[in-house]
Amino acid sequence: MENEDNEELLPLEPLTVTSMGDADGLDPIIQVIDSKKALPATLTMWDGVSFIVGTMIGSGIFASPGSVLLNAHSVGVSLIAWVLAGLLALMGSASYAELGTLLKDSGGEYVYIREGISELLAFLFSWASCLITRPGSLAIITLIAGEYFVRPFFSDIPPVWISKSAAVFLNSIILVINSKSVRLATKVQSLFTTIKIIVLFLFGFIGFIYMCKDVGKEGTNANANVGHAFRAEKPITFGSFGLAVISALWAYDGWNNLNFITSELKRPEKDLPRALFIGMPLVIGIYAFANLAYFSVLPLSSIANFEENKPNESFATEFAFAIMKGFGKVVFPLCIAASAFGSANGSQFTGSRLVRESALGGHFPKILGGLWGEGDSQSPGPALLSQYLISSFMIIGGDFDALVAYFSAAAWFFYLMAGISLLRMRFTKRNMPRPYRVPTIVPVLFSLFAFALMVALIIQSPKDSSISLALVFSGVPFYFGRSYINKFIPLLKFDLSQRQGYAKSPTILERAQSGSEKIEHETGRHGAFVDDDDDED
């Protein structure tokens, strides 16, 4: 096919439209990718809710209340910090909902930063996430799952080697589940999400009964903690309150995970925003009631040691013993193990999509972009295997809490970059259809909060933040050296032709922008343009 300038154009079928150049630029482009590389769109809105809730509710709600309380100095301020952290995550989710319906490729921040700001910054995000932060977080979650899985069989804390062996075993099970099929992984995610919601609901309900029964009785924990919620030994400062919010945000980690699997949703333009706005308020409510339960049943000294300025990270076991006696020491560790297992399953599922998207974009070895299986049973096997191997090595190697903490500043730096990408694309891609559009004030506030938290972390921990940024920017030589790697290490070959095969076609661009022609692919919904009247399941 030729245009009026006798310029040969690439055929539209069976190719997938995945991204578009500047709407009003001089050189509009449409990128086309082989449709055989597309994962099938099989996920529903409720699958999305399951991933949001399931990945956020892991071990954080059972460990971080002590750290939040230490920095908040009182129960009331602690509860405010939890709700504010949830609202901040909700603002981020709302901003990401627009990004996810505007750019439907899986990959989350990698895609948004690449399209909105810079390919180099997008590479550095994937470099840090794929090699360190995501497998490191996965390692810590599975370590927690492994420790609590074997704890009922020991009278005290189990030996480290047994916990690590259990963690590697659970990590291997997760790899098998995710490699088998997307459907199986989502079913497992839904099952464990249901379990943890039921458990936390029961705890919240029991705590609510304690609170209603004892809040008016002098000498009870409910009266001392909830009845005098804002009583504190020392006044709260802006810095300490900020640290309380940051500590609470750790439990909300995962609020952006659904955007890593956008292209696998059946109706991303509708299901993504709905899943986010169902899942996020649900988690905020669950966390608030769980904290009320803790404060109504336990003395504050069981949650945090104010004299030594240390949180009690095993207070959840004391809570279980207080409400269920000896039975709680057996059941509750298994509940925490199940919660962490579900979170790890979601983390490996979404993290592998980031690795694959980076490989398809030429930022990681081409081999990591491959698929295993056929039809609806396809899975990004090589990407899953890479995350499994790195996280298993980290599990065996030691305790990686400090390593992940190094990347707190970097994580909020990339959240800030995603917020800026959204605001910038309001201008550079202003004519692209937006099935969901968040009020401008939301991404502005989110970006300001992200910047403030990043600065606070740098001021609070300059050494860790410096190490964090140094590790992130260590990927720069790797980015510019990919062609040399292709030449000397064929096994790690990068697909550096991803920007070849662009079809210049202002006519198609104009039709797409005007909404007069729907562009989609028969096997996947990666197109930048959607039909708002599409109500298919």
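When reading the values below, keep in mind they use all heavy atoms of this one structure, side chains included, and skip hydrogens, waters and symmetry mates.
In this structure a side-chain-to-backbone donor-acceptor pair under 3.5 Å is present from N71 to S67. Side-chain N or O atoms of S392 include none that pairs as donor or acceptor with a backbone N or O of L389 at under 3.5 Å. Under a 3.5 Å cut-off, the side chain of S50 and the backbone N or O of S190 do form a donor-acceptor pair. When atom types are taken as modelled, the side chain of E119 and the backbone of R114 share no donor-acceptor pair closer than 3.5 angstrom. Remark: the backbone N or O of V176 is not paired with any side-chain donor or acceptor of S179 at under 3.5 angstrom. In this structure, Q387 contributes its side chain and C130 its backbone to a donor-acceptor pair below 3.5 Å. Side chain of S129 to main chain of F125: a donor-acceptor pair is present (N/O by atom type, distance under 3.5 Å, no hydrogens or angles).
The ring-ring contact (aromatic ring centres under 6.0 Å, His included) check on F480 picks up nothing, with sequence neighbours excluded. A search for ring-ring contact (aromatic ring centres under 6.0 Å, His included) contacts involving W255 returns Y96, Y415, F446, not counting sequence neighbours. Every residue meeting the ring-ring contact (aromatic ring centres under 6.0 Å, His included) condition with Y479, not counting sequence neighbours, appears here in chain and number order: F123, H363.
You'll find the side chain of V472 stays beyond 4.5 Å of the side chain of F413, heavy atoms only. Taking the side chain as every heavy atom from C-beta outward, L79 and V83 never approach each other to under 4.5 Å. Side chains of V330 and R151 form no contact here, defined as non-hydrogen atoms less than 4.5 Å apart. Looking at L300 and F295, their side chains come closer than 4.5 Å, going by heavy atoms from C-beta outward.
Rounding to the nearest 0.5 Å gives a distance of 10.5 Å between CZ of F364 and CZ of R482. Put simply, CG on L170 and OG on S165 are 11.0 Å apart, with the number rounded to the nearest 0.5 Å. Considering NZ of K164 and OG1 of T142, their distance stands at 11.0 Å, rounded to 0.5 Å. Atom CG of L453 sits about 5.0 Å away from atom CD1 of I246, to the nearest 0.5 Å. Once rounded to the nearest 0.5 Å, the distance linking OG of S358 with CZ of R353 reads 13.5 Å. If you take CZ on F449 and CG on L249, they are separated by 10.0 Å, rounding to the nearest 0.5 Å.
With a 6.0 Å radius and a threshold of 12 heavy atoms from other residues, nucleotides or ligands, F289 has its CZ atom at or below the threshold.
Under the 4.0 Å criterion applied to side-chain N and carboxylate O atoms, K266 and D47 are not assigned as salt-bridge partners.
Note on residues 333-362: pairs passing ring pair (Phe, Tyr, Trp, His ring centres under 6.0 Å), not counting sequence neighbours, are F51-F349, F192-F341. Applying the side chain to side chain donor-acceptor pair (under 3.5 Å) test to residues at least two apart or on different chains, the pairs with a partner in residues 283-299 are W82-N291.
With N345 as the fixed residue, the side-chain hydrogen bond (donor to acceptor under 3.5 Å, both in side chains) test singles out one of T350, T193, N178, T186: N178.
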Kindly list each side-chain donor-acceptor pair under 3.5 angstrom involving residues 195-205, sequence neighbours excluded, with atom names and distances?
residue	atom	partner	partner atom	Å
K196	NZ	G54	O	2.9
K196	NZ	I57	O	2.5
K196	NZ	S339	O	2.8

Verdict with reasoning, I113 to S118, per side-chain contact (heavy atoms from CB on, under 4.5 Å): CA-CA 6 Å; I113 296 172; S118 162; 5.5 Å; no

